[in-house]
Every structure is written in structure tokens, then in C-alpha cells.
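Read the numbers this way: they start at 1 and go in the same order the structure lists the ligands and their atoms.
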Amino acid sequence: MSLKLYFAPGACSFVPHSLLELSGLTFEPHSVKLHKNEQRSPEYLAINPRGQVPVLVDDDEVITQIVAILLHLDAKLPEAGILPASGLARTRALQTLTWMNNTVHPTFTHVFMPHKFTDDEAAQQAIRAHATQSYRGLLGEIEAQAEKAQPWLTGERPGALDAYALTLLRWGGFAGIDPTTLPATWALAQRYAALPAVARAIERERLVLNIYKPRPA
Ligand SMILES: N[C@@H](CCC(=O)N[C@@H](CS)C(=O)NCC(=O)O)C(=O)O
């Protein structure tokens, strides 16, 4: 069995990256530098024609989309606790995971890359300002969940939701949202980051957890 993960430092691929480290599965990490547009190189497009990370290659199978990648890894090694094993706890975790992926994450894309949605510069600024407000509200929803974490968002063990919460909160810093104003999520992210396996992924990506800078309104 061979596993390869294509990830970009600081991107959403941190979710499977840190969970692979946490699982103890052996994998080959491949860094893709988005700021150098490596995701659009012919070599990378041959792997993922959508030009996005993350990509998991399991033997010869190319798997994209965070939720699919996590379900694949979870099926491979259920004891890693990427998701709760069964029952309502699993349903609830999937409910939050898919919401993070299909709502919170694309809202940040509007903050980070408004040029994907219009060529008009004034409209880009309006999109960014509006999405930043929405993003604040969505992080507030994660905060309410983090306040009730038992002790992790994923449940008794750190897993998918904790990895995604760290990523989304960290991105908030770019959007001008001070992570310390979301104290339960901030504490959770720091706790997750301090796990030795997760720290390896953080080190490989050279991530700084708090990238907050006030943004002009
Ligand atoms: N729905 C996709 C989203 C993946 C995605 O948004 N990846 C971003 C990084 S966070 C990316 O590769 N962006 C490169 C680009 O748009 O050029 C998933 O769940 O994997």
C-alpha cells in the first residue's frame, strides 16, 4: 500500500495532512506551492485537472475532495478516530464536517480570492467585505460548538472537525478576525496544534497559528 498526499502550506489540505500524521499511516507528503501556481503546472494538472489541493493518491487511485479523502482514510483505519465510529455521533460529526467544507470554507474563498467571482475591482472589494462579515458569523457558530467540545469537536478524540476548525480559525486571521476573540476555538486549535503528530504537519508546512492582522474596514 502506498499513500501520497499533495498539500499546500497553509491551505485546506492541512486537514488531511494533520489527520494522516495523527493516524500513524505512512504517507509521502508532496508540497504544492500555490503562490508559485504549481497547481496549474502540466504535471500537477495531470494528477488533478481541477488544479486544487488536497489530493490523496492511494496506490494508483487519485482521490480529491476533503470529505471523500477523510471518509477514505477513516474506512482504511477506523481506529485512528478521524470520525466517530458510528451512530448519532458520526452523523453529527459528518453534519458539521460537510458544513465546514461546503459553507464556511467557500465563504473564506470569497474573502481570500474575490477575483474568482468578478473581474471588477470595486465589486471584488464589496465581495470581500460582505464575505468577511459572513465569515465572522460562521466562526461564531464554530465557537458555540467549541464551547461544548467533549473535549474535542470530533468527540472524545481529536479528529476531522478539530483539524478543520484550526484551519478555518487560522484563516480568520487573514480576514482581520483576531482568533483570541473566539477563545474556545482558539484554545481548541492550540491544543490540537500541540499534539506531537499534528506538530509534525505544522512544522512541515511552517505554519504560524496566529496570523491575525487588523484589516482596514
Ligand atoms: N472542495 C474542495 C476545495 C479544495 C480547495 O478549495 N483547495 C484550494 C486550497 S484551500 C486550492 O487548491 N486552491 C488553488 C486554486 O484555487 O488555485 C475540497 O474539499 O477539497
Side-chain angles (χ1 to χ4, degrees), residues 3-21 23 27 29-58 61-76 82-83 93-119 124 127-128 131-132 134-135 138-139 142 153-154 159-175 177 179 189 192-193 198 201-202 204-209 211:
L3 284 177
K4 288 185 201 140
L5 181 77
Y6 290 84
F7 72 95
C12 56
S13 45
F14 177 77
V15 178
H17 185 191
S18 61
L19 291 167
L20 267 166
E21 283 289 358
S23 73
F27 69 103
H30 289 263
S31 177
V32 180
K33 299 199 174 58
L34 300 184
H35 62 277
K36 292 191 178 164
N37 254 337
E38 287 177 0
Q39 74 279 25
R40 305 212 197 291
S41 68
E43 295 77 16
Y44 192 73
L45 290 174
I47 300 166
N48 182 5
R50 293 192 185 121
Q52 286 190 323
V53 289
V55 168
L56 181 75
V57 184
D58 185 349
E61 293 298 329
V62 172
I63 301 162
T64 64
Q65 301 301 317
I66 291 171
V67 176
I69 290 172
L70 299 190
L71 285 170
H72 185 77
L73 293 174
D74 185 58
K76 231 175 181 31
I82 288 173
L83 287 162
L94 280 168
Q95 176 180 301
T96 301
L97 176 66
T98 48
W99 169 78
M100 285 174 163
N101 185 250
N102 69 26
T103 302
V104 192
H105 182 160
T107 300
F108 182 73
T109 308
H110 285 71
V111 177
F112 192 53
M113 296 194 279
H115 56 269
K116 286 214 170 196
F117 307 97
T118 175
D119 291 332
Q124 286 173 15
I127 287 174
R128 172 172 280 150
T132 299
S134 306
Y135 198 63
L138 294 168
L139 289 185
I142 294 176
L153 273 185
T154 312
L161 305 187
D162 306 285
Y164 227 141
L166 179 152
T167 303
L168 297 168
L169 182 70
R170 188 175 165 277
W171 288 351
F174 173 87
I177 301 165
Y192 185 70
V198 174
I202 290 184
R204 187 175 295 117
E205 297 199 17
R206 300 197 193 296
L207 290 191
V208 173
L209 213 50
I211 56 168

Min side-chain heavy-atom separation Tyr164-Val104 under 4.5 Å: no
Looking at non-hydrogen atoms alone, which of Thr167, Asn37, Val53 comes nearest to atom 12 (O) of ligand 1? Val53
Heavy-atom contacts with Pro54 under 4.0 Å: which atoms of ligand 1 show up? List them by number with element. 20 (O)
Identity and separation of the nearest protein heavy atom to atom 20 (O) of ligand 1: Ile66 N, 3.2 Å
What is the closest protein heavy atom to atom 15 (C) of ligand 1, and at what distance does it sit? Lys116 NZ, 3.6 Å
Quick one: list whatever passes salt bridge (charged side-chain N to carboxylate O under 4.0 Å, His left out) with Lys76, sequence neighbours left out. Asp58
Report the C-alpha separation of Trp171 and Thr109 in whole Å, then their side-chain angles, then the decisive distance to 0.1 Å, and conclude whether the side-chain contact (heavy atoms from CB on, under 4.5 Å) test is met. CA-CA 10 Å; Trp171 288 351; Thr109 308; 6.0 Å; no
Please check whether Cys12 reaches ligand 1 - meaning an N/O of the residue sits under 3.5 Å from an N/O of the ligand, judged on distance alone. no
With a 4.5 Å limit on heavy-atom distance, are the side chains of Leu83 and Leu71 in contact? yes
Parallel, tilted or perpendicular: which one describes the rings of Tyr6 and His30, with boundaries at 30° and 60°? parallel
Quick look: Asn101 vs ligand 1, heavy-atom contacts under 4.0 Å, and the answer is side chain
From the options His105, Arg50, Gln65, Arg40, select the one whose nearest heavy atom is closest to atom 17 (O) of ligand 1. Arg40
In the protein, which heavy atom is nearest to atom 13 (N) of ligand 1, and how far is it? Leu34 CD1, 4.2 Å
With a 3.5 Å distance limit and no angle check, can you tell me whether Thr132 reaches the backbone of Ala175 through a side-chain donor-acceptor pair? no
Using a strict cut-off of 4.0 Å, indicate which atoms of ligand 1 neighbour a heavy atom of Gln39. 14 (C), 15 (C), 17 (O)
Is there a side-chain hydrogen bond (donor to acceptor under 3.5 Å, both in side chains) between Tyr135 and His110 once you walk through the steps? CA-CA 9 Å; Tyr135 198 63; His110 285 71; over 6 Å; no
